[in-house]
Colleague: 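Let me give you the structure first, and then I'll get to my questions.
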Amino acid sequence: MKILNVAHGSFYTFGAYGAATAIGVYFDRGLPDAGGFLVMVLFAMAIGLAIGLVLERGVMRFVYGRDEVVMVLVTYAAFLILEDIVILVWGTRSYAAYQPLLAAGNVAVGELILSNYDLGLIVAAMALAAVCCGR
């Protein structure tokens, strides 16, 4: 496709901040813990999809077929704009979605206390690696 998208990290940034905000609102309303995980995933995916569509349909389609340097410059400009929007909306401090971590609980292995959330992420990453690598 000859597209070097420098702005793709901003999609993750919007998804992460949006999911952290959504999960905070979700748990503030006293809704069930299990639904919080679904809210995080769906909200992050929806934001990434929306921003990706806007960028592709609104900007990128006008520069298809041009020199790769133009693509890099356009996506870099989009990255700078998107990062400034993140700062305008959420500020410069980091957000943490601690609620899913607390809701999942912990497991003790001897004197070591492990988060079920972190263990779940490890299992999910291993499953995804196994599927993607075909093993």
Side-chain angles (χ1 to χ4, degrees):
M1 291 178 57
K2 294 186 179 183
I3 298 173
L4 178 58
N5 186 359
V6 179
H8 71 279
S10 295
F11 301 168
Y12 294 116
T13 303
F14 267 91
Y17 275 99
T21 301
I23 200 72
V25 171
Y26 180 86
F27 278 103
D28 284 346
R29 294 186 181 191
L31 298 170
D33 292 344
F37 294 102
L38 184 62
V39 166
M40 271 193 331
V41 171
L42 292 178
F43 205 81
M45 288 172 47
I47 287 177
L49 178 68
I51 292 173
L53 282 172
V54 167
L55 182 64
E56 198 279 328
R57 295 293 176 198
V59 177
M60 295 303 295
R61 70 184 181 120
F62 298 112
V63 294
Y64 287 148
R66 300 219 177 143
D67 191 28
E68 288 86 4
V69 174
V70 173
M71 292 287 193
V72 170
L73 291 174
V74 167
T75 58
Y76 185 69
F79 158 74
L80 292 174
I81 292 167
L82 291 172
E83 289 304 306
D84 283 342
I85 292 171
V86 166
I87 292 170
L88 283 172
V89 173
W90 287 284
T92 57
R93 68 184 182 122
S94 62
Y95 276 52
Y98 64 88
Q99 296 92 342
L101 188 67
L102 295 177
N106 298 320
V107 64
V109 179
E111 293 192 25
L112 183 63
I113 298 176
L114 302 171
S115 165
N116 289 333
Y117 182 77
D118 291 338
L119 293 174
L121 289 177
I122 292 169
V123 170
M126 289 174 24
L128 184 62
V131 168
C132 290
C133 295
R135 298 176 200 236

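A quick note: this is a predicted structure, and the numbers were derived from the prediction, not measured.
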Colleague: Grab the two heavy atoms, one from A22 and one from V39, that are nearest each other, plus how far apart they are.
Modeller: CB-CG1, 4.1 Å
Colleague: If you round to the nearest 0.5 Å, how far is CD1 of I81 from OG of S10?
Modeller: 10.0 Å
Colleague: Out of curiosity, L121 CG to N116 CG, how far, rounded to the nearest 0.5 Å?
Modeller: 11.0 Å
Colleague: Enter the distance from N106:CG to D118:CG here, rounded to the nearest 0.5 Å.
Modeller: 9.0 Å
Colleague: Are V69 and Y76 joined in one hydrophobic group, where the rule is that I, L, V, M, F, W and Y side chains link up if heavy atoms are under 4.5 Å apart?
Modeller: no
Colleague: Is it the case that more than 12 heavy atoms not belonging to I113 sit under 6.0 Å from its CD1 atom?
Modeller: no
Colleague: Determine, using the 4.5 Å side-chain heavy-atom cutoff (strictly less than), whether F79 and V72 are members of one ILVMFWY cluster.
Modeller: yes
Colleague: Could you check if a side-chain atom of F14 sits within less than 4.5 angstrom of a side-chain atom of I85, using non-hydrogen atoms only?
Modeller: yes
Colleague: For the pair Y26 (side chain) and P32 (backbone), establish whether a donor and an acceptor sit closer than 3.5 Å, ignoring hydrogens and angles.
Modeller: yes
Colleague: Would you name the heavy atoms of A7 and L55 that are closest together and state the gap between them?
Modeller: CB-CD2, 4.2 Å
Colleague: Would you give the length of the straight line joining atom CG of L88 to atom CG of D84, rounded to the nearest 0.5 angstrom?
Modeller: 6.5 Å
Colleague: Just by modelled atom types, is the N5 backbone N or O under 3.5 Å from a matching donor or acceptor in the T75 side chain?
Modeller: no
Colleague: Check the pair V89 / Y17 against side-chain contact (heavy atoms from CB on, under 4.5 Å), numbers first and verdict last.
Modeller: CA-CA 10 Å; V89 173; Y17 275 99; over 6 Å; no
Colleague: How close do A44 and G15 get, counting heavy atoms only, and between which atoms?
Modeller: CB-O, 3.6 Å
Colleague: Please evaluate residues L82 and T13 with respect to the criterion side-chain contact (heavy atoms from CB on, under 4.5 Å), reporting the C-alpha separation (whole Å), side-chain torsions for both, the decisive distance (0.1 Å), and the verdict.
Modeller: CA-CA 9 Å; L82 291 172; T13 303; over 6 Å; no
Colleague: Between atom CG of L42 and atom CE of M45, what is the distance when rounded to the nearest 0.5 Å?
Modeller: 6.5 Å
Colleague: Starting from M60, can I reach V54 by hopping between I/L/V/M/F/W/Y residues whose side chains sit under 4.5 Å apart?
Modeller: no
Colleague: Would you say the side chain of M71 lies within less than 4.5 Å of the side chain of Y64, judging by non-hydrogen atoms?
Modeller: yes
Colleague: Identify the two heavy atoms, one from M40 and one from Y117, that lie closest to each other, and give their separation to 0.1 Å.
Modeller: CE-OH, 3.7 Å
Colleague: Hydrophobic clusters here meaning ILVMFWY residues chained together by side-chain heavy-atom distances under 4.5 Å, can you tell me if V41 and V25 are in one?
Modeller: no
Colleague: Are F43 and L49 connected in the hydrophobic side-chain network, where two residues link if heavy atoms are under 4.5 Å apart?
Modeller: no
